[in-house]
Amino acid sequence: MEIIQVVGLGLVATILILVIKEQKPLFAFLIAASTGIYIFLFLVGKIGGIIEVLEDLAESSGVQMIYLKTILKIIGIAYIAEFGAQIVRDAGQESIASKIELAGKVMIMVLAIPIITIIIETVMKLLPA
């Protein structure tokens with residue numbers, strides 16, 4: 001029932017933020033950011049377990065590890081970019097948050113190029129000449 005702890009922490013932080021925000025907006029932002037970071041660090045251990053299971057599945061199915069690692073990097077970039085953008089949005093900086101999301105999308109495309117290339121080559125081999 002770890003989700004209850006996460007939700008409880010989020011609710012307590014939200015109440016503190018609402019109380020403090022009027023008088024000390026900087027402290028309210030720091031509470032929000034630190035709560036988000038704490039929850040993220042809590043989830044890192046869970047994500048590690050998921051990665052181990054996916055690596056075992058990839059090995060047993062014969063999928064090359066380079067593809068799995070690339071996909072995991074892409075997923076990681078997406079989560080980190082979203083997390084960073086949300087923190088920046090909490091600080092009221094929508095334009096910077098948008099730039100973080102754009103950077104994440106570009107980095108994902110850079111990592112996806114080898115996989116897209118292999119998919120296109122495979123399709124081209126299947127098509128009659």
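Being a predicted model, the structure only gives us computed values, none of them experimental.
- Glu94 and Lys99 are not joined by a salt bridge, as no carboxylate oxygen comes within less than 4.0 angstrom of a charged side-chain nitrogen.
- Hydrophobic clustering places Val44 together with Ile87 (ILVMFWY residues linked when any side-chain heavy atoms are closer than 4.5 Å, directly or through intermediates).
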So Leu54 and Ile71, side chain to side chain contact (heavy atoms under 4.5 Å, CB included) or not? Walk me through it. CA-CA 11 Å; Leu54 290 174; Ile71 291 170; over 6 Å; no
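- The environment of CZ in Phe42 is crowded: more than 12 heavy-atom neighbours from other residues, nucleotides or ligands sit within 6.0 Å.
- Distance OG1/Thr70 to CD1/Ile75: 11.0 Å, rounded to 0.5 Å.
- Counting all heavy atoms, side chain and backbone alike, Gly104 lies closest to Ala81 at CA-CB, 4.1 Å.
- Residue Asp56 holds its CG atom at 12.0 Å from CD1 of Ile51, rounded to the nearest 0.5 Å.
- Between atom CD1 of residue Ile80 and atom CD of residue Glu82 there is a gap of 12.0 Å, rounded to the nearest 0.5 Å.
- Atom-to-atom distance recorded for Ile20:CD1 and Phe29:CZ is 14.0 Å, nearest 0.5 angstrom.
- The shortest non-hydrogen separation linking Thr14 to Gly10 is OG1-O, 2.7 Å.
- Residue Ala58 comes nearest to Leu68 through the heavy atom pair CB-CD2, 3.7 Å, listed as atom of the first residue, atom of the second, then distance.
- Salt-bridge annotation for Glu55 and Lys69: absent, with no side-chain N of the basic residue lying under 4.0 Å from a carboxylate O of the acidic one.
- The CD1 atom of Ile50 lies 9.0 Å from the CG atom of Leu43; values are rounded to the nearest 0.5 Å.
- Counting all heavy atoms, side chain and backbone alike, Thr35 lies closest to Ala13 at OG1-CB, 3.3 Å.
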Phe27 and Ile17: side chain to side chain contact (heavy atoms under 4.5 Å, CB included), yes or no, with the steps? CA-CA 8 Å; Phe27 288 136; Ile17 290 166; over 6 Å; no
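- Here the shortest heavy-atom pairing between Leu111 and Ile74 reads CB-CG1, 3.8 Å.
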Residues Lys73, Met107; criterion side chain to side chain contact (heavy atoms under 4.5 Å, CB included); working and verdict: CA-CA 10 Å; Lys73 285 179 187 178; Met107 289 180 198; over 6 Å; no
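- A 6.0 Å sphere centred on CG of Leu126 holds more than 12 heavy atoms belonging to other residues, nucleotides or ligands.
- With hydrophobic clusters built from ILVMFWY side chains whose heavy atoms lie under 4.5 angstrom apart, Val106 does not share a cluster with Ile113.
- Cluster membership check: Ile37 does not share its hydrophobic cluster with Leu9, using side-chain heavy-atom separations under 4.5 Å among Ile, Leu, Val, Met, Phe, Trp and Tyr.
- Cluster membership check: Ile108 does not share its hydrophobic cluster with Tyr79, using side-chain heavy-atom separations under 4.5 Å among Ile, Leu, Val, Met, Phe, Trp and Tyr.
- Between Gln5 and Met1 the shortest side-chain heavy-atom distance does not fall below 4.5 Å.
- Around CE of Met124, the count of heavy atoms belonging to other residues, nucleotides or ligands within 6.0 Å does not exceed 12.
- Note: the hydrophobic cluster containing Ile120 also contains Val123 (ILVMFWY, side chain heavy atoms under 4.5 Å, direct or indirect links).
- Taken from CD1 in Ile31 to CG in Asp90, the straight-line distance is 12.5 Å, to the nearest 0.5 Å.
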